[in-house]
Amino acid sequence: MNETTYPVAPTLGERARAALGRRNLVFVGLMGAGKSAIGRMTATQLGLPFIDTDNEIERVSRMTISELFAAYGEEEFRALETRVIKRLLRTGPRVISTGGGAFINEKTRKQIERGGISLWLKADLDVLWERVNKRDHRPLLKTENPKQTLENLMNQRYPIYALADMTIQSRDERKETIVREVLEAILDYTGKGSRHEQD
Ligand SMILES: Nc1ncnc2c1ncn2[C@@H]1O[C@H](COP(=O)(O)OP(=O)(O)O)[C@@H](O)[C@H]1O
Ligand SMILES: O=C(O)C1=C[C@@H](OP(=O)(O)O)[C@@H](O)[C@H](O)C1
Ligand SMILES: [Mg+2]
C-alpha cells in the first residue's frame with residue numbers, strides 16, 4: 001500500500017528549542033512578574049525540564065524561603081541562591097526561573113551570563129502589586145507599606161534587569177500570549193526568527 005507523507009512544519013516551541021541549543025533559558029525580574037508561572041509553561045512548550053530556584057533552595061534546605069530569611073537572614077539566603085544557581089547552570093539545557101534578587105547579585109549574574117540566555121519579564125508597578133498582594137510568602141514585602149517597597153525595588157533593580165539578553169513586557173494578558181512572545185524572542189535573539197530568515 002502506498003502511503004503519502006506530508007512534511008509537518010515545526011511548531012514555534014520546536015523551533016525555539018532548536019535555536020536554544022545547549023543553552024539554559026533563565027527568567028529574571030521582580031516579584032510577581034510571572035517568572036515561575038511563565039517559566040514553567042515555557043519549559044513545557046520547549047520540551048525542556050523546568051526548575052524554579054526558590055523551589056530548589058526550599059528542597060535542599062528543607063525550609064521555606066520565609067523560614068530561611070527569618071533564621072539566617074537575607075545574606076545567607078543569597079549565598080545559598082548563588083550556589084544553587086551555579087550548580088543548575090553547569091548542566092542543561094533547561095528553563096530556570098530565578099527569584100527576583102538573583103540577577104541583582106553580581107556573582108550570580110555573571111554565572112547566568114556564562115551559562116544561559118537571560119530573559120527579563122518586565123512589569124508595571126500596578127501589575128506586580130495586583131499579583132503579589134494576594135499572597136504573603138515573600139519576606140521582602142513584609143513591610144509597613146509593601147507597595148512602596150515594591151516601587152523602591154523597581155527603582156533599584158530595573159537598570160540591572162535591563163542587562164538581560166531579552167526583555168518581554170509582562171502585563172494583564174493571557175499567560176499563553178506571554179509564552180508565545182518568549183518563544184519568538186528566543187528566535188529573534190538567536191537570529192532564527194522570521195525577521196532574519198525566510199520561513
Ligand atoms: N500573564 C499573567 N496573567 C495573569 N496572572 C499571571 C500572569 N503571569 C503570572 N501571573 C500570576 O501572578 C502570580 C505571580 O506569578 P509568579 O510566577 O509567582 O511570579 P514571580 O515568580 O515572578 O514572582 C501568580 O499567581 C501567577 O499565576
Ligand atoms: O526579589 C527578591 O529578592 C526575592 C524574590 C522571591 O522570588 P520571586 O521573585 O519568584 O517572588 C524570593 O526569591 C525571595 O522572596 C526574594
Ligand atoms: Mg517565583
Side-chain angles (χ1 to χ4, degrees), residues 25-45 50-61 63-86 88 94-109 111-112 118-143 146-162 164 166-185:
L25 175 65
V26 185
F27 282 85
V28 306
L30 207 54
M31 295 172 270
K35 304 178 295 297
S36 301
I38 301 295
R40 182 177 294 280
M41 290 172 66
T42 303
T44 303
Q45 292 298 312
F50 170 73
I51 289 220
D52 187 279
T53 62
D54 282 341
N55 288 348
E56 185 62 8
I57 290 166
E58 291 184 335
R59 191 183 68 79
V60 298
S61 67
M63 293 170 90
T64 65
I65 302 295
S66 292
E67 285 166 352
L68 273 170
F69 266 72
Y72 303 113
E74 181 172 353
E75 211 175 310
E76 274 302 308
F77 170 78
R78 295 299 170 204
L80 186 54
E81 185 174 53
T82 304
R83 283 207 299 281
V84 163
I85 293 177
K86 187 176 182 184
L88 292 176
R94 56 180 140 216
V95 177
I96 301 173
S97 289
T98 60
F103 200 66
I104 305 305
N105 182 302
E106 193 176 354
K107 208 165 155 192
T108 310
R109 190 165 66 252
Q111 286 167 3
I112 294 172
S118 53
L119 189 145
W120 176 22
L121 277 183
K122 184 180 185 182
D124 294 342
L125 179 61
D126 287 338
V127 170
L128 295 172
W129 176 242
E130 201 38 52
R131 292 180 188 165
V132 298
N133 80 11
K134 297 196 178 98
R135 296 193 56 193
D136 69 347
H137 67 296
R138 293 179 170 96
L140 290 184
L141 296 179
K142 289 193 173 120
T143 61
K147 190 172 182 188
Q148 184 62 54
T149 304
L150 205 52
E151 189 170 5
N152 296 345
L153 285 171
M154 283 179 79
N155 292 333
Q156 288 163 23
R157 291 179 173 183
Y158 273 27
I160 300 174
Y161 292 140
M166 303 171 276
T167 301
I168 292 292
Q169 190 77 31
S170 179
R171 53 200 193 277
D172 207 0
E173 183 63 74
R174 294 182 70 230
K175 289 178 193 163
E176 287 75 7
T177 304
I178 310 294
V179 171
R180 200 179 61 238
E181 290 179 11
V182 167
L183 299 174
E184 283 165 353

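Every number for a ligand or one of its atoms is a count from 1 in the order of the listing. Everything quoted here is computed from the prediction, not taken from an experiment. Sequence positions, counted from 1, serve as the residue numbers for this chain.
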Looking at ligand 1, would Gly29 count as a contact under a 4.0 Å heavy-atom criterion?
no
[X] to ligand 2: N or O pair under 3.5 Å?
X	result
His137	no
Gly100	yes
Glu81	no

Check this for me - ligand 1, [X], N or O atoms closer than 3.5 angstrom, yes or no?
X	result
Ser170	no
Ile38	no
Met31	no

Is there a heavy atom in Glu74 that sits closer than 4.0 Å to ligand 2?
no
Say whether Arg131 and ligand 2 are in contact under the criterion: heavy-atom distance to a ligand atom below 4.0 Å.
no
I'd like to know: is the Mg ion (ligand 3) within the 2.8 Å range of an N/O/S atom from Ser97, strictly under that distance?
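Checking the Mg ion (ligand 3) against Ser97, no N, O or S atom falls under 2.8 Å.
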If you have a sec, work out which protein heavy atom is nearest [atom] and how many Å separate them, to one decimal?
atom	value
atom 7 (O) of ligand 2	Asp54 OD2, 2.9 Å
atom 2 (C) of ligand 2	Gly101 N, 3.3 Å
atom 9 (O) of ligand 2	Lys35 NZ, 2.7 Å
atom 17 (O) of ligand 1	Ala37 N, 2.8 Å
atom 21 (O) of ligand 1	Ser36 OG, 2.8 Å
atom 15 (O) of ligand 1	Gly34 CA, 3.7 Å

Specify side chain, backbone, both or neither for [X], according to which of its non-hydrogen atoms lie closer than 4.0 Å to ligand 1.
X	answer
Lys35	both
Glu173	backbone
Leu30	backbone

At a 4.0 Å threshold, what atoms of ligand 2 neighbour a non-hydrogen atom of Leu140?
2 (C), 3 (O)
Quick one: which ligand 2 atoms are inside 4.0 Å of a heavy atom on Arg138?
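That gives atoms 11 (O) of ligand 2.
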Between Tyr161 and Phe103, how do the two ring planes meet: parallel, tilted or perpendicular, split at 30° and 60°?
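It falls in the parallel class, under 30°.
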Among [options], which one has a heavy atom closest to [atom]?
atom	options	value
atom 18 (O) of ligand 1	Arg171, Arg138, Arg131	Arg138
atom 5 (N) of ligand 1	His137, Arg174, Lys175	Lys175
atom 14 (C) of ligand 2	Asp52, Ile65, Leu150	Ile65

Considering the options Thr64, Val84, Leu68, Ile65, which one meets the side-chain contact (heavy atoms from CB on, under 4.5 Å) requirement together with Asp54?
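Among the candidates, only Ile65 passes.
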Would you say the side chains of Thr98 and Thr53 form a donor-acceptor pair under 3.5 Å?
no
